[in-house]
Amino acid sequence: MKIAVGSDHAGFRLKEQVCKYLEGQAFTCKDLGVFSEESADYPDLALAVASAVQSGEYDYGILICGTGIGMSIAANKNTGIRAALCGDPYSAKCAREHNNANILTMGSRVIGPGLAMEIVVQFLNTTFSGGRHSNRLHKIEKLET
Ligand code: RB5
């Protein structure tokens, strides 16, 4: 599974930990930045990761900023992107099962690394249920046109 990962300065440290974890689990992890704690604008990184997922080259994206909110708002402006801000593993599970989310966003100033890793594991190990949830996603797709 190929994962594109990005953060702004606030999410940099947690993003580094997430990438290290993913690589240890034999995921292909593409780190799209940032590469330091120098101030950065989260929409730039959201666009980079959203584009990587949109293109089909990466299966999922993970975006981290201070709250996860800005990344979620920016990523969801991109057609075909369903970015879910998750602060607990149950939400991460439902984001995949019900919403077929293709990008996970998290807030590094909200959750610690242990919880973040549990959220990542749950997100990447849950499949979309389909069925009634597909009909709902089709309605969302119609909003994009
Ligand atoms: C940066 O200070 C902060 O605004 C950003 O990381 C994020 O929380 C925005 O939603």
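Every number for a ligand or one of its atoms is a count from 1 in the order of the listing.
Note on Leu85: it does not cluster hydrophobically with Phe123, by side-chain heavy-atom contacts below 4.5 Å among ILVMFWY residues.
In this structure, atom 4 (O) of ligand 1 is not in close contact with the protein, since no protein heavy atom lies within 4.0 Å of it.
The protein heavy-atom contact nearest to atom 8 (O) of ligand 1 is Thr67 N, 3.0 Å. The nearest heavy-atom contact from the protein to atom 10 (O) of ligand 1 is Gly70 N, 2.9 Å. When only non-hydrogen protein atoms are considered, atom 9 (C) of ligand 1 lies nearest to Tyr42 CE2, 3.5 Å. Scanning all protein heavy atoms for the shortest distance to atom 2 (O) of ligand 1 gives Arg109 NH1, 3.3 Å. The shortest contact between atom 6 (O) of ligand 1 and any protein heavy atom is with Asp8 OD2, 2.6 Å.
Counted within 6.0 Å of NZ on Lys2, heavy atoms from surrounding residues, nucleotides or ligands total more than 12; the atom is thus considered enclosed. Environment of OH in Tyr90: sparse, with no more than 12 heavy atoms of neighbouring residues, nucleotides or ligands closer than 6.0 Å.
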Problem set entry | Test log, rule salt bridge (charged side-chain N to carboxylate O under 4.0 Å, His left out), inputs Lys30 and Glu57 | CA-CA 10 Å; Lys30 178 71 175 174; Glu57 195 179 348; over 6 Å; no
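Although no hydrogens or angles enter the test, the distance criterion places no donor-acceptor pair under 3.5 Å between the side chain of Asn78 and the main chain of Ala50. Using modelled atom types, no side-chain atom of Thr67 and backbone atom of Gly107 make a donor-acceptor pair closer than 3.5 Å.
Considering backbone and side-chain N/O atoms, Ala10 never comes within less than 3.5 Å of an N/O atom of ligand 1. In terms of N/O distances under 3.5 Å, ligand 1 is approached by Gly66.
For the pair His9 and ligand 1, a heavy-atom separation below 4.0 Å is found.
Looking at Thr126 and Gln122, their side chains do bring a donor and an acceptor atom within 3.5 Å of each other.
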